[in-house]
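In this chain, numbering begins with 1 at the start of the sequence shown.
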Amino acid sequence: MTALLHDSPLSGVAARRSRWRISSGRLSVLVPALLAAALTAYRYDAKPFWRDEVYTLSTAGRSVGDMMGLLSERDAGLVGYYLIMQPWIAVSEASWWIRLPGAVATVVLVALVAVLGRRFAGPWGGLVAGTVAALAPAVYLHGQEARPYPMALTAVVVTVLLLLRSTERPRAWIWPVAATTALLAVLLHPLVTLPSVGAVFFAVWLRPGRARRWALVLAALPAGLVGAGLVVAGSMQAAERPPAPATLPEYFTFWRLVADVPWLGWAVLALAVVGAVVLLRRGPTRDSGREPHALVLVLWAPMPVLAITTLGLMGGYFNQRYASAALPAIAVLAAVALTALPAAARRLASRSARGERWAGWAAVTAVVVLLVSLVPAGVGFRQARAGFDDPAGAAQQIAAQAQPGDAVVYVGNVVRPMVEAYYPPGLAGSDRLTDALLVASPEDSDTLGGLEVYRVVDKIAELAPHRRVWLVGSVATATGDLGRTTGNARAVMRDRRLVSSTDHNWLRVELWETPEDDVTGASASQEPPGVAQ
């Protein structure tokens with residue numbers, strides 16, 4: 001794999017320079033990788049599992065047969081990720097162990113983005129691109145969790161580097177390896193990776209260099225067929241989920257990087273657009289293999305955003321993080337612009353000392369701005385009690401306030417195991433907290449969240465003896481409520497009034513109580529303010 005680190009001649013440096021200067025290229029990769037390693041290691045494994053990590057543990061923690069049975073009902077698109085994690089979780093179910101593949105992949109991803117940046121924008125560009133990747137939310141939000149995003153993005157970047165290598169010095173070994181890494185990328189998460197992989201293969205096919213077009217097609221075929229099949233299967237399973245149509249502006253907010261400095265994300269996007277123009281306008285050079293490959297970045301960067309937006313507008317349920325595979329291309333394009341614009345002197349004398357000096361100052365300034373603006377956000381996210389959901393906080397509240405005779409009802413198929421994992425011993429199933437609707441546990445029923453009483457009228461009957469009922473669920477990102485139309489929520493609200501509502505990040509804990517004076521159903525079952533009927 002050392003062949004992937006090869007740079008085209010223009011990104012090399014004179015032999016007389018020290019191997020450890022930034023201009024040598026080594027530190028331009030090492031510094032971002034160390035930054036990513038430090039941020040990933042800081043308070044590693046300090047947060048409780050959130051809902052998506054519970055999917056990983058509950059699905060991949062079973063036998064292959066049971067796991068495939070679950071995937072036939074939900075999450076079929078991530079079958080490759082769960083198959084990879086199944087033997088890994090069989091070694092240990094400790095949270096630090098389950099999260100380790102993503103943590104390692106995060107550091108590798110940042111290093112490879114720096115390599116890609118060095119290839120297109122020289123050593124200083126590699127430093128900028130790697131730093132953007134290390135500090136972007138698409139990386140730091142998921143670098144310490146048991147989910148496929150860092151692994152999937154790493155597979156995409158490796159595929160890109162292999163394809164670029166094939167256009168310069170094609171070797172027989174490249175094609176099966178490129179086909180395998182592309183297939184691995186879409187198996188890890190097809191919605192995230194398939195648009196990027198497809199765009200890159202197409203860009204190289206348009207300008208194949210020394211590569212054979214038929215070899216490119218054969219290498220892309222497995223990933224394309226499998227990825228399309230997984231997208232279709234996953235979309236069919238998500239057909240009953242509430243639609244969350246997206247717009248391009250909505251997805252662009254993902255690149256604000258952090259809410260505290262929205263201007264920075266727009267600046268990175270603007271630089272990426274400028275970088276695309278710079279690459280497309282550069283005339284071909286005798287030695288460089290970079291300019292003919294401008295289409296790789298130019299098509300790669302927007303394709304995940306456009307593809308996911310299109311699917312969202314068609315009524316599917318998609319999340320902004322599904323567009324995260326655009327990050328490496330955006331980071332590299334921004335680095336191209338940042339190093340090219342101040343180094344305009346290179347138009348007069350290629351690789352002139354003045355041009356190099358200004359490019360270096362621009363890169364250093366950009367890195368300082370990124371560090372000052374975004375390191376506090378990354379550190380703050382890791383210092384928080386929880387990431388997305390806070391099941392430990394929800395469990396702590398219920399344990400502190402539960403009274404004899406209370407019942408608990410969950411909304412969401414993994415909320416039960418997620419919250420119960422953090423109850424103090426003896427609370428679940430005790431006289432202080434009865435799981436009144438549970439028929440069979442997740443383990444006994446081979447389901448993610450267990451089997452419950454099915455009909456709403458029967459749910460109401462089971463809850464009738466309980467004056468106080470805790471309603472716990474994930475807050476819907478599309479509606480901001482707990483799914484009021486679900487049978488569980490409707491059964492809880494019947495003849496009860498809302499006493500309290502507390503959000504623990506994306507988890508909400510509500511206490512519903514039957515009035516002591518036996519108020520009529522019309523007043524007792526009223527919706528809390530702001531909740532749609």
Side-chain angles (χ1 to χ4, degrees), residues 51 240-242 389-391 393-420 423 426-442 445 447-504 506-533:
R51 77 187 79 164
E240 296 182 358
R241 300 179 69 181
D389 298 307
D390 183 10
Q396 183 178 7
Q397 178 193 350
I398 295 172
Q401 301 177 12
Q403 299 177 6
D406 284 3
V408 61
V409 172
Y410 302 99
V411 177
N413 57 359
V414 293
V415 175
R416 175 179 284 105
M418 178 170 59
V419 176
E420 283 188 348
Y423 284 147
L427 178 63
S430 68
D431 63 345
R432 292 179 58 222
L433 198 66
T434 301
D435 197 343
L437 302 185
L438 183 65
V439 174
S441 69
S445 60
T447 61
L448 290 175
L451 293 179
E452 297 182 337
V453 174
Y454 182 71
R455 298 192 307 165
V456 176
V457 64
D458 295 330
K459 297 176 188 287
I460 295 173
E462 292 293 335
L463 295 175
H466 302 278
R467 179 171 171 269
R468 289 164 33 111
V469 179
W470 296 92
L471 184 64
V472 187
S474 298
V475 178
T477 55
T479 62
D481 63 30
L482 269 179
R484 299 298 180 195
T485 60
T486 64
N488 283 10
R490 287 157 54 198
V492 170
M493 293 187 294
R494 180 67 176 269
D495 296 332
R496 294 182 181 86
R497 60 180 177 84
L498 182 65
V499 175
S500 66
S501 178
T502 306
D503 284 347
H504 300 271
W506 288 1
L507 268 181
R508 181 169 295 170
V509 176
E510 296 181 349
L511 177 60
W512 290 79
E513 186 176 282
T514 303
E516 292 183 1
D517 54 357
D518 193 23
V519 194
T520 63
S523 61
S525 61
Q526 61 185 343
E527 294 277 7
V531 177
Q533 295 285 345

Could you list the residues that satisfy side-chain contact (heavy atoms from CB on, under 4.5 Å) with [X], not counting sequence neighbours?
X: V457; value: R455
X: A399; value: P424, L427
X: S500; value: L511

Looking at every non-hydrogen atom in both residues, tell me the closest pair between [X] and [Y] and how far apart they are.
X: R432; Y: A402; result: NH2-O, 3.1 Å
X: A394; Y: V509; result: CB-CG2, 3.6 Å
X: H504; Y: G393; result: CE1-O, 3.3 Å

Check: V492 and L463 side chains under 4.5 Å, non-hydrogen atoms: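 Counting from C-beta outward, L463 and V492 do come under 4.5 Å.
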Point-to-point distance, once rounded to the nearest 0.5 Å, from [atom1] of [X] to [atom2] of [Y]:
X: M493; Y: N488; atom1: CE; atom2: CG; result: 10.5 Å
X: R467; Y: E513; atom1: CZ; atom2: CD; result: 4.0 Å
X: L471; Y: R508; atom1: CG; atom2: CZ; result: 10.0 Å
X: R494; Y: W512; atom1: CZ; atom2: CH2; result: 13.5 Å

Check: T434 side chain, A436 main-chain N or O, donor-acceptor pair, under 3.5 Å: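 A pair under 3.5 Å: no.
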Show me the side-chain donor-acceptor pairs of residues 407-415 shorter than 3.5 Å, one per line, residues at least two apart or across chains.
residue : atom : partner : partner atom : Å
Y410    : OH   : Y423    : OH           : 3.0
N413    : OD1  : Y55     : OH           : 2.8

Sequence neighbours excluded - salt bridge (charged side-chain N to carboxylate O under 4.0 Å, His left out) pairs with any residue from residues 403-417: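 Sorted pair list: D406-R468, R416-D435, R416-E452.
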Full working for side-chain contact (heavy atoms from CB on, under 4.5 Å) between L507 and D390: CA-CA 6 Å; L507 268 181; D390 183 10; 5.8 Å; no
Pairing residues for H466 by the side chain to side chain donor-acceptor pair (under 3.5 Å) criterion, not counting sequence neighbours: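 By the side chain to side chain donor-acceptor pair (under 3.5 Å) rule, H466 matches no residue at all.
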